[in-house]
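Chain letters run A, B, ... following the sequence lines, proteins first, then strands; residues in each count from 1.
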Amino acid sequence: MLDIQLLRKDAVLVAERLAARGFAFDTARFETLEAERKTIQTRTQEAQSRRNTLSKQIGMMKGKGEDTTAVMAEVAGLGDEQKQLETRLSELQAELNDFLMGVPNLPHESVAVGKDETANVEVSRWGTPKTFDFPVRDHVDIGESLGQLDFEAAVKITGSRFTVMKGGLARLHRALAQFMLDVHTAEHGYTEVYVPYLVNADSMRGTGQLPKFEEDLFKVPFGLEDPSAAEQARIAAVGVDSSREPVRQKHFYLIPTAEVPVTNLLRDEIVAAEALPLKFVAHTPCFRSEAGSYGRDTRGMIRQHQFDKVELVQMVKPEDSYAALESLTANAETILQKLGLPYRKMALCSGDMGFSSAKTYDLEVWLPAQNTYREISSCSNFETFQARRMQARFKTGQGKPELLHTLNGSGLAVGRTLVAILENYQNADGSVTVPEALRPWMGGIDRLTTA
RNA sequence: GGAGAGGUGGCAGAGUGGUCGAAUGUACCUGACUCGAAAUCAGGCGUGAGCGCAAGUUCACCGUGGGUUCGAAUCCCACCCUCUCCGCCA
């Protein structure tokens with residue numbers, strides 16, 4: 001969420017900066033809402049103040065045993081108008097809030113202006129793609145002919161965009177996650193955390209997945225299965241009870257990334273300034289509906305409804321966040337380097353960045369079978385955008401609480417890393433060499449074979 | 001799933017319809033005393049929002065959401081969460 005003070009001060013400037021990322025900010029609507037909010041809020045508070053004063057006066061008079069009927073008659077007449085004002089004010093505030101919740105973050109000044117991924121800027125490249133003296137196969141062919149990757153089984157059990165892995169490949173998948181966790185905790189100073197995979201709507205709002213991107217999420221109902229039936233039964237038994245709100249269906253959401261539960265650790269918290277930076281790493285499955293990506297990456301493990309990821313999250317002081325973005329990205333790069341996987345680092349342009357991000361680097365790994373680089377990590381600085389939604393703050397001494405900055409990045413997507421290893425380390429005989437760095441986590445196995 | 005207890009400021013803990021945003025203790029900050037520290041004494045010390053150049057001032061917040069009332073931390077309803085016991089269970 002953007003700073004409403006900034007919008008009040010200069011909505012036109014904000015609109016311009018948002019235009020750079022292809023978002024049309026409705027300045028007129030904002031100003032209309034804001035103007036009405038201002039007058040209604042002032043009038044509401046005046047009415048409340050009047051009522052409070054008179055009510056206190058009644059209290060005082062009763063304490064002295066005086067007659068209060070005159071004052072009570074006066075205050076009784078105030079109720080209706082005040083009620084209306086309060087109702088209107090909360091409507092307006094809800095409207096303004098909904099409006100603001102749908103506005104994306106402002107791009108950082110260092111972000112190139114552009115419409116889509118074609119305007120992204122290559123920052124650096126690491127490693128040289130291997131040349132193969134045999135026909136290169138993709139990870140699906142390699143995995144299936146090893147007998148260790150089974151999409152048909154996954155389709156039977158669940159459906160498309162799921163995977164079954166077996167044997168050495170399943171172990172490689174586990175080894176990758178363990179390896180990443182160990183590197184980030186032992187060498188990069190992150191604290192490992194284990195978190196829920198189902199979260200509530202407040203958490204999703206905190207990191208920005210809600211309210212705009214609900215269709216990308218898996219929503220899991222629980223509790224009352226049929227609230228309308230339950231409500232009808234209640235009304236039949238008790239009659240309409242105005243003091244009770246209707247029964248509502250409850251639900252959780254499956255996390256699309258560990259960013260959600262981990263970043264929300266700081267929701268509604270005020271930490272001491274000395275506690276920053278906080279650096280967390282978590283290995284979790286991620287669940288994405290992939291609505292709207294029908295027909296894209298349908299083959300293989302690139303785009304799945306369920307995949308594992310090791311996620312890096314940092315909470316830092318505002319002045320440190322851009323340095324933190326560089327180091328967090330470097331932490332993710334370390335994994336690729338240790339695994340000997342060629343990659344390039346892209347600075348996303350304004351139009352290609354995610355909703356909540358002020359600046360994003362994508363790491364793209366070389367995939368020989370696709371003869372191209374594919375995203376394997378995305379590292380972003382959200383500045384105060386998430387912190388403001390979450391009320392995640394820090395405080396120096398007796399000072400005022402201040403919003404902190406949040407960052408996160410994949411370190412790395414485990415499934416895609418597995419794909420990259422299969423394709424980059426494939427051999428002519430159909431086997432796959434296990435990268436040197438991974439062998440301690442593979443019990444010393446140096447090669448995946450059919451045997 | 002059954003029975004019971006409870007959710008108040010960083011923590012502890014009063015408050016059961018009225019000058020209560022909330023006693024008191026403790027922690028913390030500032031000052032005094034001290035060579036310095038401890039102890040002691042004095043003052044300060046929640047969050048969000050509005051208006052205002054500012055000083056300041058107004059509103060909201062006692063698990064959450066409704067309701068009753070001129071007035072709710074306090075009464076009523078629902079929900080959430082925590083704890084104890086029983087049952088079941090990965």
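Checked by atom type, the side-chain pair A:Gln304/A:Thr163 shows a donor-acceptor distance below 3.5 Å. Between the side chains of A:Asn52 and A:Ser55, no donor-acceptor pair of N or O atoms lies under 3.5 Å. Side-chain atoms of A:Ser378 and A:Asp362 form a donor-acceptor pair, as typed in the model, at a separation below 3.5 Å. The closest side-chain donor-acceptor pair between A:Gln386 and A:Thr406 falls under 3.5 angstrom.
Both A:Gln45 and A:Gln391 lie close to RNA chain B; mapped to their nearest nucleotides by heavy-atom distance, the more 5′-ward contact belongs to A:Gln391. If you find the closest nucleotide of RNA chain B to A:Pro401 and to A:Lys83, the one lying nearer the 5' end belongs to A:Pro401.
Base pairing analysis places B:G10 opposite B:U26; the two distances defining the Watson-Crick or G-U wobble pair are each below 3.5 Å. In this structure, B:C83 forms a base pair with B:G4, meeting either the Watson-Crick or the G-U wobble geometry with both donor-acceptor distances under 3.5 Å.
In this structure, A:Gln41 places its CD atom 19 Å from P of B:U57, rounding to the nearest Å. The distance from atom NZ of A:Lys400 to atom C1' of B:A49 is 13 Å, rounded to the nearest whole Å. Atom CG in A:Asp268 sits roughly 17 Å away from atom P in B:C81 (whole-Å rounding). For A:Lys9 and B:G52, the NZ to P distance is 14 Å, given to the nearest whole Å. Remark: P of B:A49 and CG of A:Asn97 are 12 Å apart, rounded to the nearest angstrom. Straight-line distance from the CG atom of A:Leu54 to the C1' atom of B:U19: 14 Å, rounded to whole Å. Note: CE (A:Met61) to P (B:G71) measures 17 Å, nearest angstrom. Summarising the geometry, the separation between CD on A:Gln93 and C1' on B:G48 is reported as 11 Å, rounded to the nearest angstrom.
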Listed pairs under 3.5 Å, donor-acceptor, residues 269-279 of chain A side chains, sequence neighbours left out:
from: A:Lys279; atom 1: NZ; to: A:His188; atom 2: O; distance (Å): 2.8

Please set out all donor-acceptor pairs under 3.5 angstrom arising from side-chain atoms of residues 310-319 of chain A, sequence neighbours excluded.
from: A:Glu311; atom 1: OE1; to: A:Lys309; atom 2: NZ; distance (Å): 2.6
from: A:Gln314; atom 1: NE2; to: A:Tyr190; atom 2: OH; distance (Å): 2.9

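Taking atom P on both nucleotides, B:G50 is separated from B:A37 by 43 Å, rounded to a whole Å. Remark: the separation of the P atoms in B:G17 and B:G13 is 23 Å, to the nearest Å. Taking atom P in both B:C20 and B:U58, one finds a spacing of 15 Å when rounded to whole Å. With P as the reference atom, B:A27 and B:C79 are 42 Å apart, rounded to whole Å. Using C1' as the reference atom, B:A49 and B:U16 are 30 Å apart when rounded to the nearest Å. Atom C1' of B:G9 sits at a distance of 33 Å from the matching atom of B:A3, rounded to the whole Å. Here the separation of B:U47 from B:C53, taken at their C1' atoms, is 26 Å to the nearest Å. Using atom C1' as the reference point in both B:A22 and B:C61, the two lie 12 Å apart (nearest Å).
The base of B:G18 is paired with the side chain of A:Lys62 by a donor and an acceptor separated by under 3.5 Å.
Taking side-chain N and O atoms only, A:Asn52 has no distance below 4.0 Å to OP1 or OP2 of B:U19. Taking 4.0 angstrom as the limit, A:Arg393 places a side-chain polar atom (N or O) nearer than this to OP1 or OP2 of B:G48. Close to B:U69, at under 4.0 Å from its OP1 or OP2, lies no side-chain N or O of A:Arg51. Dashed line: the shortest gap from a side-chain N or O of A:Lys56 to OP1 or OP2 of B:G71 is not under 4.0 Å. Phosphate proximity of B:C59 to A:Ser49: present, with a side-chain N or O under 4.0 Å from OP1 or OP2.
Among the nucleotides B:U47, B:G18, B:G50, the one closest to any side-chain atom of A:Lys395 is B:U47. For A:Ser55, taking side-chain heavy atoms from C-beta onward, the closest of the listed nucleotides B:U19, B:G18, B:G52 is B:G18.
Base contact: A:Ile58 has a heavy atom under 4.0 Å from a base atom. Here A:Arg8 lies in heavy-atom contact (under 4.0 Å) with sugar-phosphate atoms only. Looking at heavy-atom distances under 4.0 Å, A:Gln5 makes contact with sugar-phosphate atoms alone, never a base.
For the pairing with A:Phe355, the ring-ring contact (aromatic ring centres under 6.0 Å, His included) check across A:Phe382, A:Phe213, A:Phe23 returns one residue only, A:Phe213.
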